[in-house]
Amino acid sequence: LIKKKATTKRLKPEINIDVKMDRIGGKILEMKNIKKSFGELNILNGFDYTFKKGERIGILGKNGVGKSTLVEIMLGLRTAGKVDIKVCGVPCDIWMKNNQNKKSLGCLLQFSEFPSMIKVHEVINLHKVLYKKASSSIYQTLNIAELLDKKYSILSRGQKQRVDLYFALSHRPKIAFLDEPTTGLDANYCNVLNNIFNEFKKEKKHLIVQISQKSEELRVTDWVLWLK
């Protein structure tokens, strides 16, 4: 068991990292001394961690400890003062200036918004325009074809999640950040998603970072970062 200092609302929590396997691959994302506060409330207080290719990392913790905030900082969607983040050995602010680099990211946030009248086939076409490539196997396994003529806004929670997962993963990103990826999915599609992750893992060139609350999700991750 490895322990590293993390943050807290009121205390100084720890990150407990359960090691299930030897770490593999090269460094792909390095974060050092990440701090974030909202007013007098400290959310992250010196987070340090190095992520490697081929890994599937779970982030666990109670509401309000900074899980989503950490992922948003990783994506550059939220500032955190002076931070030391490197992607593939390059400072994050420099790396992010290259649009091709941005296309190697995938993300699933808690909420996605599209125009109210947009149909699923238009969302799929938008993905093609942005990323110039898409995985036919992910399209098929998530059964996107049956949703194409429906408006995104009227889809069920599980159907929206399938479309959002397609948007996050179909270009086979080097780094995927996923906030509770199985939300709304039935058991069948949870298994489908896990198979997709296993395909990524076999290639040993992707990093999957997922916020999870479900024990069945955490059991199949390589490492678990527990924010307390």
Problem set entry | V129 backbone acceptor or donor facing K132 side chain under 3.5 Å | yes
Problem set entry | Side-chain donor/acceptor of D48 to backbone N/O of N33, under 3.5 Å | yes
Seminar exercise, completed: Nearest heavy-atom contact between Y139 and A145 is OH-CA, 3.6 Å
For this session: Considering non-hydrogen atoms only, spot the tightest contact between S116 and S153 and give its length.
Result: O-OG, 2.9 Å
Exercise. Taking NZ, NE, NH1 and NH2 as the nitrogens, is one of them in K67 or D179 under 4.0 Å from a carboxylate oxygen of the other?
Worked result: no
Problem set entry | Backbone N/O of K52 and side chain of E55: donor-acceptor pair under 3.5 Å | yes
For this session: Kindly work out whether a path of hydrophobic side-chain contacts (I/L/V/M/F/W/Y, heavy atoms less than 4.5 Å apart) joins I124 to L165.
Result: yes
Problem set entry | Over 12 non-hydrogen atoms of neighbours within 6.0 angstrom of NZ in K160 | yes
Exercise. So if you build clusters from Ile, Leu, Val, Met, Phe, Trp, Tyr with side-chain heavy-atom gaps below 4.5 Å, do W223 and I34 land together?
Worked result: yes
For this session: For side-chain contact (heavy atoms from CB on, under 4.5 Å), just list the numbers for Y131 and F167, CA-CA rounded to whole Å, side-chain angles, deciding distance to a tenth of an Å, and then say yes or no.
Result: CA-CA 10 Å; Y131 295 102; F167 209 96; 4.1 Å; yes
Exercise. Just how far is it from atom NE2 of H206 to atom CD1 of I208, taken to the nearest 0.5 Å?
Worked result: 8.0 Å
Exercise. How many angstroms lie between CG in L77 and CD in E72, if you round to the nearest 0.5 Å?
Worked result: 6.5 Å
Seminar exercise, completed: Rounded to the nearest 0.5 Å, the NE2 atom of H171 sits from the OG atom of S104 at a distance of 7.5 Å
Seminar exercise, completed: Taking every heavy atom of L109 against every heavy atom of L75, the minimum-distance pair comes out as CD2-CD1, 4.0 Å
Exercise. Just by distance, do the side chain of S135 and the backbone of I138 share a donor-acceptor pair under 3.5 Å?
Worked result: yes
Problem set entry | Heavy-atom pair with the smallest gap, counting every atom of M96 and M74 | CE-O, 4.2 Å
For this session: Please test F177 against L207 for side-chain contact (heavy atoms from CB on, under 4.5 Å), starting from the C-alpha separation and ending with a verdict.
Result: CA-CA 9 Å; F177 300 101; L207 167 66; 5.6 Å; no
Problem set entry | Gap separating the OG1 atom of T69 from the CZ atom of F38, nearest 0.5 angstrom | 4.5 Å
Exercise. Is it true that the NZ or CZ of R56 lies under 6.0 Å from the centre of F200's six-membered ring and within 45 degrees of the ring axis?
Worked result: no
Problem set entry | For the student: nearest non-hydrogen atoms of P181 and L108, plus distance | CA-CD2, 3.6 Å
Exercise. Given the rule that I, L, V, M, F, W and Y join up when any side-chain heavy atoms are under 4.5 Å apart, are V87 and I94 in one cluster?
Worked result: yes
Problem set entry | Contact summary for S112 and D164, nearest pair of heavy atoms | OG-OD2, 3.4 Å
Exercise. Is there a donor-acceptor contact under 3.5 Å from the side chain of N195 to the main chain of N198?
Worked result: no
For this session: Please state whether the rings of Y49 and F51 are parallel, tilted or perpendicular, taking 30° and 60° as the class boundaries.
Result: perpendicular
Exercise. Any side-chain heavy atom of F47 sitting closer than 4.5 Å to one from I73?
Worked result: no
Exercise. Mind checking what makes salt bridge (charged side-chain N to carboxylate O under 4.0 Å, His left out) contact with R172, not counting sequence neighbours?
Worked result: E203
Exercise. Would you say the side chain of S170 lies within less than 4.5 Å of the side chain of H127, judging by non-hydrogen atoms?
Worked result: yes
Exercise. Does NZ belonging to K103 count more than 12 external heavy atoms closer than 6.0 Å?
Worked result: yes
Exercise. If you measure from CD1 on I154 to CD on Q159, what distance do you get to the nearest 0.5 Å?
Worked result: 8.5 Å
Problem set entry | Residues in ring pair (Phe, Tyr, Trp, His ring centres under 6.0 Å) contact with Y152, at least two apart in sequence or another chain | F114
Exercise. About how many Å separate CD of Q161 and CG of L142, when rounded to the nearest 0.5 Å?
Worked result: 10.0 Å
For this session: Mind running side-chain contact (heavy atoms from CB on, under 4.5 Å) on N194 and N191 for me, showing each step along the way?
Result: CA-CA 5 Å; N194 195 51; N191 290 332; 5.6 Å; no
Exercise. Can you find a pair of side-chain heavy atoms, one from K36 and one from R78, that are under 4.5 Å apart?
Worked result: yes
Exercise. Which of these, T141, N143, L193, V120, sits in a side chain to side chain contact (heavy atoms under 4.5 Å, CB included) with R162?
Worked result: N143
Exercise. With a 4.5 Å limit on heavy-atom distance, are the side chains of L44 and V65 in contact?
Worked result: no
For this session: Report whether L178 and I28 are members of the same hydrophobic cluster (ILVMFWY, side-chain heavy atoms less than 4.5 Å apart, transitive linking).
Result: no
Exercise. Is V123 reachable from L105 through a run of I, L, V, M, F, W or Y residues, each pair having side-chain heavy atoms under 4.5 Å apart?
Worked result: no
For this session: With side-chain contact (heavy atoms from CB on, under 4.5 Å) as the test, would you mind laying out the steps for H121 and D149 before giving the verdict?
Result: CA-CA 6 Å; H121 71 83; D149 292 328; 4.1 Å; yes
Problem set entry | K86/E30 salt bridge by N-O under 4.0 Å criterion | no
